[in-house]
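Okay, so here's the structure we're looking at.
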2 protein chains.
Amino acid sequence: MQEQPLLDYIERYIDLTDSEKKILLSKVSSRKYLKGQYIVQQGDICKHSSYLISGCTKTSYLDKKGQEHIIMFAIEDWWTSDIGSFVTQTPADYNIQCIEDTEVIQFFYDNQEELLQDIPKLERLFRKMLEKALVASQKRIVRNFSLTAKERYLKFSELYPIMEQRVPQYMIASYLGITKEFLSRIKRQLANT
Amino acid sequence: MQEQPLLDYIERYIDLTDSEKKILLSKVSSRKYLKGQYIVQQGDICKHSSYLISGCTKTSYLDKKGQEHIIMFAIEDWWTSDIGSFVTQTPADYNIQCIEDTEVIQFFYDNQEELLQDIPKLERLFRKMLEKALVASQKRIVRNFSLTAKERYLKFSELYPIMEQRVPQYMIASYLGITKEFLSRIKRQLANT
DNA sequence: AAAAAAAGTTAAACTAGTTTACTATAATTT
DNA sequence: AAATTATAGTAAACTAGTTTAACTTTTTTT
């Protein structure tokens with residue numbers, strides 16, 4: 001069953017009965033995107049939160065000067081969404097674009113309340129997922145302030161060694177908040193050591 | 001009643017019955033800190049989450065080079081905690097220090113499960129609080145990447161006009177990720193316009 | 001009210017990271 | 001297999017923000 005990874009993910013946080021699993025699966029739906037397609041576009045209302053079965057996405061912000069800033073990547077067994085847009089149903093700040101063919105299972109805003117009523121435990125799941133995401137986000141702020149570009153790059157390689165192989169270098173540079181040219185210089189420096 | 005602001009805060013997110021309010025208040029406790037005192041110290045296990053009745057705190061990270069990086073401020077009607085430390089009961093990454101005499105109401109890790117069992121609705125409160133915090137944190141990452149120091153300062157003044165009056169300038173500089181000298185230069189530039 | 005400590009200002013020299021512009025190498029498409 | 005497009009590397013000139021070090025102002029303590 002293609003939904004098994006999602007159930008496994010959830011059971012790391014809470015226990016579900018068989019009937020709860022059935023309800024849950026009846027209220028989510030799976031979808032495939034091709035490389036290059038958008039799951040969410042800046043300005044749209046984000047209607048869903050997506051759990052990745054396979055593939056890879058980038059979440060980015062396009063600023064007034066037309067520059068793209070990558071705020072996160074996601075791969076299989078991660079979640080992605082524009083939470084701000086999802087919870088308030090206001091236009092999304094971010095683009096979520098697939099950088100590989102990607103298969104997801106989606107939770108929809110329109111039946112989220114219903115789902116939470118049927119399985120109140122899910123509040124706890126979402127709380128715990130948000131706790132984890134917030135801690136990671138705060139750590140990233142600190143790293144951006146306290147580390148140099150080279151140190152940030154090394155930390156990224158250490159934290160997400162898989163990403164390095166799957167994501168083009170210029171996107172990693174954007175995630176790190178530096179230019180692709182400077183990341184290239186950093187890599188050369190590291191190689192000559 | 002000194003706890004009223006906390007109940008008002010909570011009722012912006014969920015409804016509580018009178019008996020739930022009573023249970024809640026029986027499981028939290030209030031405490032006063034003097035200016036300069038620490039609510040949490042880097043390395044300690046964070047045992048509580050604090051709702052501010054009055055006063056002002058700063059949350060900061062001391063890096064290996066001995067530099068302090070302020071990651072957030074809190075004033076009355078805000079929450080503060082090292083959530084990472086609180087939820088996993090591992091040593092705190094951050095210091096939370098009072099920069100004014102501060103009165104708080106604290107939720108404790110040790111009876112949080114009990115409290116959630118008595119008032120399951122609180123899961124939803126915490127989820128919503130975390131959603132809001134995560135959205136703010138992500139926006140901050142984007143601002144740090146897409147704006148210049150001057151633009152970040154102007155945005156800060158716009159978002160938190162009260163902070164500017166209550167917090168010393170060198171702490172604002174740290175929050176913005178720049179030196180106090182450079183913030184001083186920015187303010188002069190803005191004044192001569 | 002004096003002394004001391006904390007916070008803020010100024011300016012010159014410096015550096016981490018950007019910009020621009022060109023070249024090289026994959027990876028896709030025809 | 002050739003042509004196109006996307007990705008990566010290099011280097012010189014530049015700039016936003018840092019460092020250092022001295023000075024001024026404000027706040028707190030005695």
Side-chain angles (χ1 to χ4, degrees), chain A residues 34-38 56-58 60 63-70 73 95 97-101 140-141 143-157 163-193, chain B residues 34-37 56 58 60 63-70 73 97-101 141 143-157 163-193:
Chain A
L34 295 175
K35 179 173 175 172
Q37 286 188 311
Y38 287 84
C56 185
T57 66
K58 67 171 212 273
S60 63
D63 72 21
K64 285 121 217 164
K65 298 147 207 153
Q67 261 217 303
E68 181 186 50
H69 303 276
I70 295 182
F73 296 109
N95 288 301
Q97 189 179 18
C98 298
I99 57 185
E100 296 176 4
D101 290 352
R140 184 144 174 242
I141 291 174
R143 282 199 299 272
N144 288 340
F145 281 152
S146 63
L147 303 180
T148 62
K150 188 196 264 180
E151 291 167 331
R152 255 145 48 212
Y153 169 65
L154 290 169
K155 193 76 192 173
F156 177 84
S157 307
M163 294 292 183
E164 273 241 66
Q165 289 144 31
R166 287 171 72 170
V167 171
Q169 222 180 93
Y170 73 92
M171 290 188 192
I172 295 177
S174 171
Y175 178 89
L176 296 174
I178 58 178
T179 58
K180 59 194 193 331
E181 290 84 356
F182 193 52
L183 179 54
S184 184
R185 194 151 97 196
I186 287 169
K187 291 188 89 167
R188 177 165 32 118
Q189 272 175 32
L190 289 169
N192 303 342
T193 314
Chain B
L34 295 174
K35 180 174 173 170
Q37 287 189 310
C56 186
K58 65 171 212 271
S60 63
D63 73 22
K64 285 120 217 163
K65 299 148 207 155
Q67 260 217 303
E68 182 187 48
H69 303 276
I70 296 184
F73 296 110
Q97 189 179 18
C98 298
I99 57 184
E100 297 175 4
D101 292 352
I141 290 174
R143 281 199 299 271
N144 289 340
F145 282 152
S146 63
L147 304 181
T148 63
K150 188 196 264 180
E151 292 167 331
R152 254 144 49 210
Y153 168 65
L154 290 170
K155 193 76 193 174
F156 177 84
S157 308
M163 294 293 184
E164 273 241 66
Q165 288 144 31
R166 289 170 70 168
V167 171
Q169 222 180 94
Y170 73 92
M171 290 187 193
I172 295 176
S174 170
Y175 178 89
L176 295 174
I178 57 178
T179 58
K180 58 192 194 332
E181 291 84 356
F182 193 52
L183 179 54
S184 184
R185 193 150 97 195
I186 287 169
K187 291 186 89 169
R188 176 164 33 113
Q189 272 175 31
L190 288 169
N192 302 343
T193 315

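Letters go in sequence order (proteins before strands), and every chain restarts at 1.
Per the geometry, CD belonging to Glu68(A) stands 11 Å off P belonging to dT7(D), to the nearest Å. In this entry the distance linking CZ of Arg166(A) with C1' of dA27(C) reads 18 Å, nearest Å. Put simply, CD on Gln97(A) is 14 Å from C1' on dA6(D), counting in whole angstrom units. Rounding to whole angstrom units, CD1 of residue Ile99(B) and P of dA6(C) are separated by 16 Å.
Nearest heavy-atom pair across Arg143(A) and Arg152(A) is O-CD, 3.6 Å. Between Lys65(B) and Asp63(B), the shortest heavy-atom distance links the atoms N-OD1, 2.8 Å. The two residues Ile99(A) and Met171(A) come nearest to each other via the heavy atoms CG2-CE, 3.8 Å. Residues Cys98(B) and Leu34(B) approach most closely at CB-O, 3.7 Å, considering heavy atoms. Closest non-hydrogen pair, Ile141(A) versus Ile141(B), comes out as CG1-CG1, 3.6 Å. The minimum heavy-atom distance between His69(B) and Phe145(A), with the atom names listed, is CE1-O, 3.5 Å.
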Just the atom pairs and distances: protein N or O near nucleotides 28-30 of chain D's N or O, under 3.5 Å.
none

Listing time: all N or O pairs from protein to nucleotides 17-23 of chain C that are below 3.5 Å?
from: dG17(C); atom 1: OP1; to: Ala149(A); atom 2: N; distance (Å): 3.2
from: dG17(C); atom 1: N7; to: Arg185(A); atom 2: NH2; distance (Å): 3.1
from: dT18(C); atom 1: OP2; to: Thr179(A); atom 2: N; distance (Å): 3.1
from: dT18(C); atom 1: OP2; to: Thr179(A); atom 2: OG1; distance (Å): 3.2
from: dT18(C); atom 1: O4; to: Arg185(A); atom 2: NH1; distance (Å): 3.3

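With values rounded to the nearest 0.5 angstrom, Lys150(B) atom NZ is found 11.0 Å from Arg185(B) atom CZ. The line from CD of Gln67(B) to OG of Ser60(B) is 11.5 Å long, rounded to the nearest 0.5 Å.
Using a 4.0 Å cutoff on non-hydrogen atoms, the parts of residues 169-176 of chain B near DNA chain C are Gln169(B), Tyr170(B), ordered by number.
Proximity of a side-chain donor or acceptor of Gln97(A) to a complementary backbone N or O of Lys58(A) within less than 3.5 Å is not detected. The main-chain N or O of Ser146(B) is never found under 3.5 Å from a side-chain atom of Lys64(A) such that the two would form a donor-acceptor pair.
Candidate nucleotides dA8(D), dT10(D), dT10(C) were compared by shortest atom distance to the side chain of Arg188(A), and dT10(D) ranks first.
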Could you list the donor-acceptor pairs under 3.5 angstrom formed between side-chain atoms of residues 172-180 of chain B and any protein atom two or more places apart in sequence or on another chain?
from: Ser174(B); atom 1: OG; to: Glu68(B); atom 2: O; distance (Å): 3.3
from: Ser174(B); atom 1: OG; to: Ile70(B); atom 2: N; distance (Å): 2.9
from: Thr179(B); atom 1: OG1; to: Phe182(B); atom 2: N; distance (Å): 3.2

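By the side chain to side chain contact (heavy atoms under 4.5 Å, CB included) test, Lys187(B) pairs with Tyr153(B), Glu164(B), Gln169(B), Leu183(B), sequence neighbours left out.
For the helix from dA1(C)-dT30(D) to dT30(C)-dA1(D), the terminal axes (five pairs an end, C1' atoms, rotation from four pairs onto the next four) enclose an angle of 50°, given to 10 degrees.
Side-chain contact between Arg166(A) and Phe73(A) is absent, with no heavy atoms from C-beta onward closer than 4.5 Å.
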